Each structure stands twice: as C-alpha cells, then as structure tokens.
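I have placed the structure first, in the form of structure tokens, so that the comments after it can refer back to it.
This one's a predicted model, so the numbers in the text were calculated from it and none came from an experiment.
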Amino acid sequence: MMSEAKGWDRNQIAARAAKELQDGTYVNLGIGIPTLVSNYIPAGVNVTLQSENGMLGMGPFPFEGEEDPDLINAGKQTITELPQTAYFDSAQSFAMIRGGKIAMAILGAMEVSEQGDLANWMIPGKLVKGMGGAMDLVAGVGRVVVVMDHTSKHGESKVLRDCTLPLTGKGVVDRIITNLGVLDVGDKGLHIVELADGVTEADLRAATEATIV
Amino acid sequence: MQKVYSSAQAALEGILHDGMLIASGGFGLCGIPEQLIEAIRDTGVKDLTIASNNAGIDGVGLGMLLATRQVKRMISSYVGENAEFMRQYLAGELELEFNPQGTLAERMRAGGAGIPGFYTRTGVGTVIAEGKEHKDFDGQTYILERGIVADLAIVKAWRADTSGNLMFRKTARNFNVPAATCGRICVAEVEEIVPLGSLDPDKIHLPGIYVHRLIGGARKNRIENRTVRKKETA
C-alpha cells in the first residue's frame, strides 16, 4: 500500500501531462484532471485547444459578470474566446477529430489496459453517463494520453491486464500518466518512462496489475 | 411562403404525432429550443424517440419531456447531470441508445444530406460496434452507421431573417445545424427575427431551405456550469 505523501497530486499530474504538448499543435483536453492541464502549458509552447462542442481556440474562464451562456466548453463550463478562435457546428467538430487534424487528446480514465484499451464512460448498472465525444477522440486523434489515479479508493489497480468495464476504445492509448508516474504502452506490455516524486519502481510495480516490461 | 409563426404552439400545429422521431439541437443547455420543447410537452404527444446529444437537466429542456413520461427512447451521447433520466433508464422505463457524439452528429448530417450510411472507426472494438457491419479499408476496420432522418427537427438560433436563413452565436451552434438538416420538417426558434436583407448572405450559418417554420422570442439559455476566475488584484 502506498503512503499518502508519495507521488503526484492532481495538479502535479496535470503539470506533467502539460509537458506532452507540442508547439504549434491542436489539442483536445477532456473533463476533470485534463482540464487542469491548460494551467501548466510550458512557456514558448503554443497550442490551440479544441472544445468538441464547436470551438477552436478556447480561452480561460471568464471574470465574474462576464459569463456568456452561448460560450461554454465540453464540460458545460463558461469560458472565453481568444483572437484566433473559430466556432463551428458539431458535425464539423467531429470531422476534424475523425479526420486526424487534432494532434493529441488528454483524457481521464476509469481503467486502462496494457494493450492500450481505455474504459471511461460507464459502470454497468451503477453509473450511466455516456461516452460523449471520447470514442470519437480516441479513434481519430494522433496521440492519446491518459491521466488518472493509479489505484481506486480501495487501493485496487486501475492499470490492468484487461479492462473489466465497457471499452471506450481498443488499443488506443499511447501514454499513461498517473499519481505514481508515466508509462508507455508497448508491444509486450507497459514501459516505465518516469517515476513520480518519492515513488520507487517497486512501488509502481506493486500498484500495477498490468505487465510492466 | 410564410415561415414566421406567432407562437411555438402555432408553429407545431399539424406536425406532432405519437411515436414520432424528433431531432433536437443543443449541447447541454446551450442552444436548446426551450419554447418548442415546452409546447411539445403541452400537447401531450407521447412515445417519442428523441435524437439529441443530451437530455437537458431535471425539469429543464428535454428533461421536461422525461418528467412527463412522453419519451420512449433517447438517442444520445451523454446523459449525466440528469437524475430522473438515470432513474428511468436503470428502472427499464426508458430506452436509451448511446451514440458517440461525433457519430450522432454525422448520422444527422448524413441523413440530411441524402446519405443513408457511412463507415467510421469510432466505436470499433466496443459495445457500440456490436451487430453492426464491419468493413476494412486500407488495413483499418470501420463500422457502418446509419444516417438519421427525423420526422421533425427542433432547433434554436440567434438570428433569422423571414426566409429562415439562420445565424448562430458562439458555441450555441453545436448540434443545431446537423439536427436542422435531418428533419423532414424543421421548426426553429430564434432570439430575433430581422427583415429580409438585414443579414449578410456571406454570414448565414444555415440556409433557409432547411427551415420550414420559425418563431421569435427565444431567450438566452441558462448556464449549466458557471465557472469564473478572479481578477488579479494589484
């Protein structure tokens, strides 16, 4: 069992994920920890954020009193526009996603497997929310980075040999960033890229059900 | 041809029937046709199938039609934030067909464009692909999805001229364009109806050919998730 002090918190996971961003690219950030990534975009890296409800060039949250009900992100939060902003309809939005124009998506996960399978949209009989745009994103974007807690509240690994929940996509995840470190999906299992602060390789292996090569 | 009607009730006259398929625009509460939904509720029409990205929230938007049990089946990508929806679904009282968001948008676009089906990679290897035709193109597997043609499309826009040309505002455009095009009849509610010649023809987002009936008086939709930042203090 991991001690509380080891590893990254939500903001540190987001900050680590922000290092994945490539200058000059178009990127889609999911809801939750992925939304925090926009707070940590490195200096000199210019990315354009896509919001799948129909916007490129997503700006920060508005100042109080400047909220516009016609201007929201995919999490239905009020946001603002930027000088390069463009608006479009949902069919156009997913045409650019499916068409491979978005370089990267950073998404949350309930479970991820060593083959790069991702589950993040429902728990049968318990939680019915829906996949929203996640299935389209993982099928269409160039690179999929998942950010998540490594284990459940009960300490069970969420990085698995096989997902137990209904899949969002099969073999779609490239990189996994958790509170314990960074893992890449390879041909024969996961590869350790980086360990979070204070986490040892033994800690990471102990918290991971999936094969680490 | 007179497209402008005096009320939502008048604009829906003679269109509604039990068991029909309605496509609705909107994303969350943003850009939803609230007057039309309310008027549909008041007619008591039932056993509806509704294709809409979301189902409103409890008591708001399509949530109103769920509360009155007028909906038999939803075709949606996301139904979180709606406790009554979840309750009816888990109790087996409401049918729900989950569609990935982009697949739903493209099904509407295709239906409106005379395309009965299309192949997509979205959903391959998931429950969404079960029972659907699979086909390989250039070494990639795709599934066949069908276009949607709705008996009625209901949408909300910002501005219209009297010929039904529509302009939307910011992210309130969302599903309103593909939904409008897939309806055999489309009824639009707008915040403002302006005289012919008032809109720049280069800035029309949806040409009036897709819009059959029109009402004004739409209000701004409410904000579902108000999120703000603090002004930096010097």
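Looking at A/Thr168, the atoms closer than 4.5 Å to chain B (heavy atoms on both sides) all sit in the backbone: N, CA, C or O. Heavy-atom distances place no part of A/Ala119 under 4.5 Å from chain B, backbone and side chain included. Both the backbone and the side chain of A/Glu52 have a heavy atom closer than 4.5 Å to some heavy atom of chain B. Neither the backbone nor the side chain of B/Leu29 comes within contact range of chain A; no heavy atoms are under 4.5 Å apart. With a threshold of 4.5 angstrom between heavy atoms, A/Asn73 approaches chain B through N, CA, C or O but not through any side-chain atom. With a 4.5 angstrom heavy-atom cutoff, B/Leu96 touches chain A only via side-chain atoms.
Looking at A/Asp89, its side chain never comes within 3.5 Å of a backbone N or O of B/Val177 through a donor-acceptor pair. With hydrogens and angles ignored, the 3.5 Å screen pairs no side-chain donor or acceptor of A/Thr78 with any backbone N or O of B/Arg226. A donor-acceptor contact shorter than 3.5 Å links the side chain of A/Asp136 to the backbone of B/Gln101.
The CZ atom of A/Phe88 lies 10.5 Å from the OG1 atom of B/Thr171; values are rounded to the nearest 0.5 Å. Considering CG of A/Asn53 and CG of B/Asn53, their distance stands at 9.0 Å, rounded to 0.5 Å.
B/Lys220 has its side chain within reach of A/Asp70: a pair of non-hydrogen atoms, C-beta onward, lies under 4.5 Å apart. For the pair A/Ile72/B/Phe27, a side-chain contact is recorded, criterion being any heavy-atom separation below 4.5 Å from C-beta on. Looking at A/Lys76 and B/Asn54, their side chains come closer than 4.5 Å, going by heavy atoms from C-beta outward. With a 4.5 Å cut-off on side-chain heavy atoms, B/Tyr78 and A/Met131 do not count as touching.
Environment of CD in A/Gln22: sparse, with no more than 12 heavy atoms of neighbouring residues, nucleotides or ligands closer than 6.0 Å.
The two residues B/Lys230 and A/Phe63 come nearest to each other via the heavy atoms O-CE2, 3.6 Å. Counting all heavy atoms, side chain and backbone alike, A/Met135 lies closest to B/Pro100 at SD-CG, 3.8 Å.
Chosen from B/Glu224, B/Arg169, B/Glu81, B/Arg121, the residue pairing most often with chain A at heavy-atom distances under 4.5 Å is B/Arg169. In terms of heavy-atom pairs under 4.5 Å with chain B, the best-connected choice from A/Pro69, A/Gly54, A/Gly140 is A/Pro69. For the options A/Glu64, A/Met55, A/Glu66, A/Glu67, heavy-atom pairs under 4.5 Å to chain B are most numerous at A/Glu67. Chain B forms the most heavy-atom pairs under 4.5 Å with one residue out of A/Gly133, A/Gly130, A/Pro166, and that residue is A/Gly130. The residue among A/Pro62, A/Pro60, A/Ala139 with the most heavy atom pairs within less than 4.5 Å of chain B is A/Pro62. Contact count versus chain A (heavy atoms, under 4.5 Å) is highest, among B/His205, B/Met108, B/Met86, B/Arg109, for B/Met86.
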Show the numbers, then the answer: is there a side-chain contact (heavy atoms from CB on, under 4.5 Å) between B/Val127 and A/Trp121? CA-CA 12 Å; B/Val127 294; A/Trp121 70 282; 3.6 Å; yes

